[in-house]
Amino acid sequence: MGRVAGKVALITGAARGQGAAHARLLAEEGAKVIVGDIRDGEGEALAADLGGEALYLSHDVGSEASWRSVMATIGERHGRLDVLINNAGIAVMAGLFDTDTALFERTVRINQLGVFLGIRHGAELMKADGGGSIVNISSIAGLKADPHFIAYSSTKWAVRGLTKAAARELAPAAIRVNTVFPGIIDTPMLTEAAPGLDVAGFGAANTPLGRVGLPNDVASAILFLASDESAFITGAEFAVDGGVTA
């Protein structure tokens, strides 16, 4: 019996990187996984690879209409939602004077508004079945701000407050809301944000544990928070960063 056997789990931004690792591990542990993303080709391929009851849904987290459509499909297919991983996000390297209004608003729409809409619409479906677990992905940039990623850092700090407020409000409905803060993780998002970066070398040099993080390092924390093993945990913060923020 898997640790999340039978649970219905939606992971946003799940077509690649950390999101794909979350989807794979939850599926391996028995969850009925919904892969959400705007990368249709990669998302469809992942869902097909997962097999079983895995499903890909094209999903723009910054669109409320898209959230309504996704939740309606999940409701029709499964009748409930047990786990929501708000993983989708973007990161563009830009300081204060290199960040224009369009970039700032785009980052807020995906990284912050997307999480808000996920909590709001996910909680509605969870309430109907007696509760669930919502995990919001922030970043170590939400614990120790990075001046080279000012819009990204701003939104990742915002996710902290949003998580804690939602955890307090949704607790009576047995909906747990927690935050995970990944550190230097070897994913396409990192290499695209910092082209030419020696990710393995940078991670080893800047992480007390002496190596770059892997997507499965984060997925293991996600699995714990998605499972009933964390039934008495809400509003909490989990840094999966090899000691960077210690």
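Being a predicted model, the structure only gives us computed values, none of them experimental.
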Closest heavy-atom contact between [X] and [Y]?
X	Y	result
Gly130	Ala174	O-CB, 3.5 Å
Ile134	Ile175	CD1-CG2, 3.9 Å
Gly17	Pro188	CA-CD, 4.0 Å
Gly203	Ile184	CA-CG2, 4.0 Å
Leu46	Ala23	CD2-CB, 4.2 Å
Asn206	Pro208	O-CD, 4.0 Å

Just how far is it from atom [atom1] of [X] to atom [atom2] of [Y], taken to the nearest 0.5 Å?
X	Y	atom1	atom2	answer
Ile185	Leu214	CD1	CG	7.5 Å
His78	Thr73	NE2	OG1	10.0 Å
Ile74	Leu84	CD1	CG	8.0 Å
His22	Ser220	NE2	OG	10.0 Å
Asp82	Leu125	CG	CG	9.0 Å
Arg68	Leu117	CZ	CG	9.0 Å

Any heavy-atom pair between the side chains of [Y] and [X] that's under 4.5 Å?
X	Y	value
Leu223	Val4	yes
Leu162	Asn136	no
Asp217	Arg211	yes
Lys156	Phe181	no
Ile34	Val8	yes
His59	Trp67	yes
Ile222	Gln18	no
Asp98	Met93	no

Is it true that atom [atom1] of [X] has more than 12 heavy atoms of other residues, nucleotides or ligands lying nearer than 6.0 Å?
X	atom1	value
Arg80	CZ	yes
Arg77	CZ	yes
Arg109	CZ	no
Glu192	CD	yes

With a 4.5 Å cut-off on side-chain heavy-atom distances among I, L, V, M, F, W and Y, is there a chain of contacts connecting [X] to [Y]?
X	Y	result
Ile233	Leu26	yes
Leu57	Val61	yes
Met71	Leu170	yes
Ile137	Ile110	no
Val159	Tyr152	no

Looking at [X] and [Y], would you say the former's side chain and the latter's main chain have a donor-acceptor pair under 3.5 Å?
X	Y	value
Asn111	Ile90	yes
Ser230	Phe224	yes
Thr12	Ala88	yes
Asn178	Leu225	no
Arg3	Glu29	no
Ser154	Ile150	yes
Ser153	Ala145	no
Glu53	Lys32	no
Thr234	Val177	yes
Asp100	Leu103	yes

- Task: Apply side chain to side chain contact (heavy atoms under 4.5 Å, CB included) to Lys164 and Thr179, showing your working.
- Result: CA-CA 9 Å; Lys164 288 183 178 294; Thr179 317; 6.0 Å; no

Residue pairs fulfilling ring-ring contact (aromatic ring centres under 6.0 Å, His included) with at least one residue in residues 95-133, sequence neighbours excluded: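 Not a single pair qualifies under ring-ring contact (aromatic ring centres under 6.0 Å, His included).
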
Here's a test for you: under side-chain contact (heavy atoms from CB on, under 4.5 Å), which of Glu124, Lys7, Lys127, Met126 qualifies with Leu81?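 Going through the options one by one, the only one that passes is Met126.
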
### Task
Take Arg16 and Asp37, measure what salt bridge (Lys or Arg N to Asp or Glu O under 4.0 Å) needs, and give me the verdict at the end.
CA-CA 9 Å; Arg16 65 175 190 169; Asp37 211 301; over 6 Å; no

